[in-house]
> 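Structure incoming, see below.
It should be emphasised that the depicted structure is a prediction, and the values quoted were computed from it without experimental measurement.
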Amino acid sequence: QVQFVESGGGLVKPGGSLRLSCQISGSVHSIYRMGWYRQAAGKRRELVAVVVSDGARDYGDFVKGRFTSHRDLHKNMVTLQMNRLEPEDTAVYYCYTEGVTYRDGTSYPGESWGQGTQVTVAS
């Protein structure tokens with residue numbers, strides 16, 4: 001089973017920056033897709049950034065070059081650097097994995113979610 005350790009959320013003023021980190025622990029050999037979704041109050045969960053194991057990246061349309069996500073394949077870690085934050089970016093940010101292979105050879109093709117970290121952008 002995948003365990004998530006998320007960090008880096010908090011309160012920031014408009015135009016500021018935050019960096020989120022997500023470390024996966026457990027007997028994980030590889031992860032196919034890993035990244036971040038977010039959910040604002042009263043809204044649906046939406047894609048922020050996902051990095052595939054081959055390095056391909058997918059970002060939500062609202063990112064517009066403000067956010068960058070990186071993966072460390074060996075450490076099973078993913079980060080999200082968020083710049084030029086706007087009040088509309090206020091949400092709970094969830095670390096996400098899809099397609100996990102464990103060291104014992106078993107695998108789980110579905111999605112797993114971290115507990116989420118709050119990001120609040122306000123003056």
Side-chain angles (χ1 to χ4, degrees):
Q1 186 172 353
V2 172
Q3 290 90 42
F4 295 81
V5 179
E6 299 166 319
S7 62
L11 173 64
V12 65
K13 293 182 179 180
S17 298
L18 280 176
R19 184 174 181 269
L20 306 183
S21 294
C22 176
Q23 174 73 61
I24 299 299
S25 63
S27 299
V28 175
H29 175 262
S30 63
I31 302 171
Y32 177 57
R33 291 164 56 92
M34 187 174 183
W36 301 89
Y37 278 69
R38 73 182 188 183
Q39 187 167 18
K43 295 187 177 181
R44 297 176 61 182
R45 191 170 295 189
E46 61 180 349
L47 168 71
V48 179
V50 170
V51 184
V52 186
S53 56
D54 64 1
R57 288 176 172 81
D58 189 16
Y59 290 97
D61 291 340
F62 62 87
V63 170
K64 298 178 181 178
R66 300 180 299 133
F67 300 175
T68 304
S69 187
H70 289 286
R71 276 183 67 174
D72 184 323
L73 294 175
H74 297 294
K75 296 181 179 179
N76 288 323
M77 173 183 285
V78 65
T79 60
L80 179 68
Q81 178 66 43
M82 301 186 291
N83 300 323
R84 305 197 308 274
L85 284 161
E86 304 167 353
E88 294 73 22
D89 296 315
T90 295
V92 178
Y93 285 68
Y94 294 92
C95 187
Y96 155 89
T97 65
E98 181 182 348
V100 176
T101 300
Y102 298 95
R103 294 193 185 110
D104 65 1
T106 60
S107 63
Y108 175 62
E111 301 171 343
S112 297
W113 301 90
Q115 76 279 5
T117 185
Q118 177 70 46
V119 171
T120 302
V121 185
S123 54

> List the atom pairs, with distances to 0.1 Å, where a side-chain N or O of residues 111-123 and a protein N or O form a donor-acceptor pair under 3.5 Å, not counting sequence neighbours.
unit_1	atom_1	unit_2	atom_2	d
Gln115	NE2	Glu6	OE1	3.4
Thr117	OG1	Gly9	N	3.4
Gln118	NE2	Ala91	O	3.4
Gln118	NE2	Thr120	OG1	3.3

> Treat each ILVMFWY residue as a node, draw an edge where side-chain heavy atoms are under 4.5 Å apart, and state whether Ile24 and Val100 are in one component.
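Yes: a chain of side-chain contacts under 4.5 Å links Ile24 to Val100.
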> Quick one: do Val2 and Tyr94 end up in the same hydrophobic cluster if we chain Ile, Leu, Val, Met, Phe, Trp and Tyr together by side-chain heavy atoms under 4.5 Å apart?
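No, Val2 does not connect to Tyr94 through the hydrophobic network.
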> Members other than Leu73 in its cluster, when Ile, Leu, Val, Met, Phe, Trp, Tyr link by side-chain heavy atoms under 4.5 Å?
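Direct or chained contacts put Leu73 with none.
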> Could you tell me which non-hydrogen atom of Asp61 sits nearest to which non-hydrogen atom of Lys64, and how far apart they are?
O-CG, 3.4 Å
> Heavy-atom count around Asp104 CG within 6.0 Å, excluding the residue itself: above 12?
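Counting other residues, nucleotides and ligands, CG of Asp104 exceeds 12 neighbours.
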> Can you tell if the side chain of Tyr96 reaches within under 4.5 Å of the side chain of Val78, non-hydrogen atoms only?
no
> Mind checking the CZ-CG spacing from Phe67 to Asn83? Nearest 0.5 Å is all I need.
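The distance works out to 8.5 Å.
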> Arg57: what forms a side-chain contact (heavy atoms from CB on, under 4.5 Å) with it, not counting sequence neighbours?
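Here the qualifying residues are Val51, Tyr59, His70.
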> Rounded to the nearest 0.5 Å, what separates atom CG in Leu20 from atom SG in Cys95?
9.5 Å
> Can Leu80 be reached from Leu18 by stepping across I, L, V, M, F, W or Y side chains whose heavy atoms are under 4.5 Å apart?
yes
> Counting only N and O atoms by type, is there a donor-acceptor contact under 3.5 Å from the side chain of Ser69 to the main-chain atoms of Thr79?
yes
> Taking the side chain as everything from C-beta on, heavy atoms only, tell me whether Arg71 gets closer than 4.5 Å to Ser53.
yes
> Set out, in order, the CA-CA distance, both residues' side-chain angles and the distance that settles side-chain contact (heavy atoms from CB on, under 4.5 Å) for Arg19 and Ser17, then state yes or no.
CA-CA 7 Å; Arg19 184 174 181 269; Ser17 298; over 6 Å; no
> Among residues at least two apart in sequence or on other chains, which ones pass side chain to side chain donor-acceptor pair (under 3.5 Å) with Asp58?
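Checked Asp58 against side chain to side chain donor-acceptor pair (under 3.5 Å); zero matches.
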> Hey, quick one: are Val63 and Leu47 part of the same hydrophobic cluster, counting side-chain heavy atoms closer than 4.5 Å, chains of contacts allowed?
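Val63 and Leu47: separate clusters.
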> Can you tell me how far CG of Asn76 sits from CD of Gln23, rounded to the nearest 0.5 angstrom?
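Separation between the atoms: 7.0 Å.
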> Over all heavy atoms of both residues, which pair between His74 and Asp72 is shortest? Give the atoms and the distance, please.
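Shortest heavy-atom separation between His74 and Asp72 comes out as N-OD1, 3.1 Å.
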> Do the side chains of Tyr102 and Val28 get nearer than 4.5 Å, heavy atoms only?
yes
> Within this structure, what is the OG-CD distance for the pair Ser21 and Gln81, rounded to the nearest 0.5 Å?
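Here the rounded value is 9.5 Å.
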> Please identify each residue that fulfils side chain to side chain donor-acceptor pair (under 3.5 Å) with Glu86, with sequence neighbours left out.
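Listed in chain order: nothing, the list is empty.
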> Using residues 30-40 as the side-chain source, report each donor-acceptor pair under 3.5 Å to any protein atom, sequence neighbours left out, with the distance given to one decimal.
unit_1	atom_1	unit_2	atom_2	d
Arg33	NE	Glu98	OE1	3.2
Arg38	NE	Glu46	OE2	2.7
Arg38	NH1	Asp89	OD1	2.9
Arg38	NH1	Tyr93	OH	2.9
Arg38	NH2	Glu46	OE2	3.1
Gln39	NE2	Lys43	O	3.1

> Determine, step by step, whether Tyr108 and Thr106 satisfy the side-chain contact (heavy atoms from CB on, under 4.5 Å) criterion, reporting the C-alpha distance in whole Å, the side-chain angles of both residues, the deciding distance to 0.1 Å, and the verdict.
CA-CA 7 Å; Tyr108 175 62; Thr106 60; over 6 Å; no
